[in-house]
> 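Could you have a look at this structure, given as structure tokens, before my questions?
Excluded from the calculations below are hydrogen atoms, water molecules and symmetry mates; all remaining heavy atoms, backbone and side chain alike, are included. Every chain is numbered from 1, with letters handed out A, B, ... down the list of sequences.
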Amino acid sequence: MARYDRAITVFSPDGHLFQVEYALEAVRKGNAAVGVRGTDTIVLGVEKKSTAKLQDSRSVRKIVNLDKHIALACAGLKADARVLINRARIECQSHRLTVEDPVTVEYITRYIAGLQQKYTQSGDPSGTFSAWKANATGRNSNSIREFLEKNYKETSGQETVKLAIRALLEVVESGGKNIEIAVMTKEDGLRQLEEEEIDAIVAEIEAEKAAAEAAKKAPAKDT
Amino acid sequence: MECVFGLVGNGFAILAADTSAVHSILVHKSNEDKIMILDSHKLVAASGEPGDRVQFTEYIQKNVALYQFRNGIPLTTAATANFTRGELATALRKNPYAVNILLAGYDKETGPSLYYIDYIATLHKVDKGAFGYGSYFSLSMMDRHYHSGMSLEEAVDLVDKCIMEIRSRLVVAPPNFVIKIVDKDGAREYAWRQSVKDGPVVSE
């Protein structure tokens, strides 16, 4: 089987394109990323690998602006992401120049998917895209998606942020140091949350969880 | 007959441009906004071939925006001026843009600045500048009355004096002007000076 994985253009005898499957593996190993859509807010969250003490954590950004109204969170090989992000940013401005209108989310998603498809010629992570109310990708994305399916409801503002953080906390060690959150609203555009803000919300969530645990235990004691 | 001029005041830069869109002897409209808000703290007043004017300034605008997304910080006014000049220079020997530009901007570190960029890619950093036949009158007026560190009221008064000169002395003087300013709070439209009401005032 190893003979058939050297190049992306080589099929194995049983019809696999190993390079594509390896790419999928790289994404699965990548850090978890989650997105949640509220009524007036969109929240993107990414797991941050613990940064070295001497490293300036602000220089490691996994959530980036493509345009004033579009943000992107990524999982997988960062160098590849940078190439795609650069092309997408150029396309956003080019679109504004030619049609005097900002790109729609669907347009730029289709564009990026098209770029990816050109390089790998088939399915996820290249080629298919869809619109979601909430989704996750990267490490343990299945557990996050399960959590979201169980707990998703239409939220707005801070509640959306909390939902996104709760989803990430399913797979990430808690703490502002390990999570990067960005919030997109109509008025303020994209805003990255400070570590302290994230810590505060995490504390709120832990308190709510503890309260829920206590409430569950208390009635049991009575009987 | 297009008139574009501007000057640097105390903590701000001000640009004025006529608003007539002309083709031969016909005036298409007299509320054409020729001062583009390039980004939050930059203004570009352009005069010249209408197609080139819009095409070139929009191209610069989108590239300035792209730089900001790529690098997380906006270009300085000086960098923008040099980029613009570079684009004009590159096109010059093949397919020149017939556009003259006054670029005004405000940078936190260096304050307000004004750049004169003509269609053959001349670049000068100036305190006051003007393009077109109107420049004969507005530059003379500014030479007489300008001093560094003018207040907004003084500067607008000087701009109005220039507009008055142009209206009274230029044979085919444009009737209407738009004035925009840029300071620490950003780039914005300041006022229109209309002597012929032609349709609604178009603000971006």
> Taking C-beta and beyond as the side chain, do N63(B) and Q93(A) meet within less than 4.5 Å on heavy atoms?
no
> Are there over 12 heavy-atom neighbours, none belonging to Y119(B), within less than 6.0 Å of that residue's OH?
no
> What is the distance from atom CZ of F69(B) to atom CD1 of I70(A), rounded to the nearest 0.5 Å?
9.5 Å
> Taking all non-hydrogen atoms of both residues, which atom of R89(A) and which atom of R70(B) are closest, and how far apart?
NH1-CA, 3.5 Å
> Report, as yes or no, whether the 6.0 Å neighbourhood of atom NZ on K184(B) holds more than 12 heavy atoms from other residues, nucleotides or ligands.
no
> Among L66(A), D67(A), N86(A), single out the residue with the greatest number of heavy-atom pairs under 4.5 Å to chain B.
D67(A)
> Can you sort out the partners of Q192(A) under side-chain hydrogen bond (donor to acceptor under 3.5 Å, both in side chains), two or more places apart, ordered by chain and number?
none
> Does the side chain of L97(A) come within less than 4.5 Å of Q61(B)'s, by heavy atoms?
no
> Applying side-chain hydrogen bond (donor to acceptor under 3.5 Å, both in side chains), can you list everything that pairs with E87(B), at least two apart in sequence or on another chain?
Y59(B)
> Counting heavy atoms not belonging to Q55(B), are there more than 12 under 6.0 Å from its CD?
no
> About how many Å separate CD of Q68(B) and CG of N65(A), when rounded to the nearest 0.5 Å?
9.0 Å
> Pull out the residues in residues 11-21 of chain B that come under 4.5 Å of chain A, heavy atom to heavy atom, sorted by number.
none
> I'd like to know whether CZ of R169(B) has more than 12 heavy-atom contacts from other residues, nucleotides or ligands below 6.0 angstrom.
no
> Heavy-atom count check: over 12 atoms from other residues, nucleotides or ligands less than 6.0 Å from Y111(A) OH?
yes
> Applying ring-ring contact (aromatic ring centres under 6.0 Å, His included), name anything that partners H16(A), two or more places apart in sequence or on another chain.
F18(A)
> Decide if atom OH of Y136(B) counts as having more than 12 heavy atoms of other residues, nucleotides or ligands within a radius under 6.0 Å.
no
> To the nearest 0.5 Å, what is the distance between OG1 (T98(A)) and NZ (K62(B))?
9.5 Å
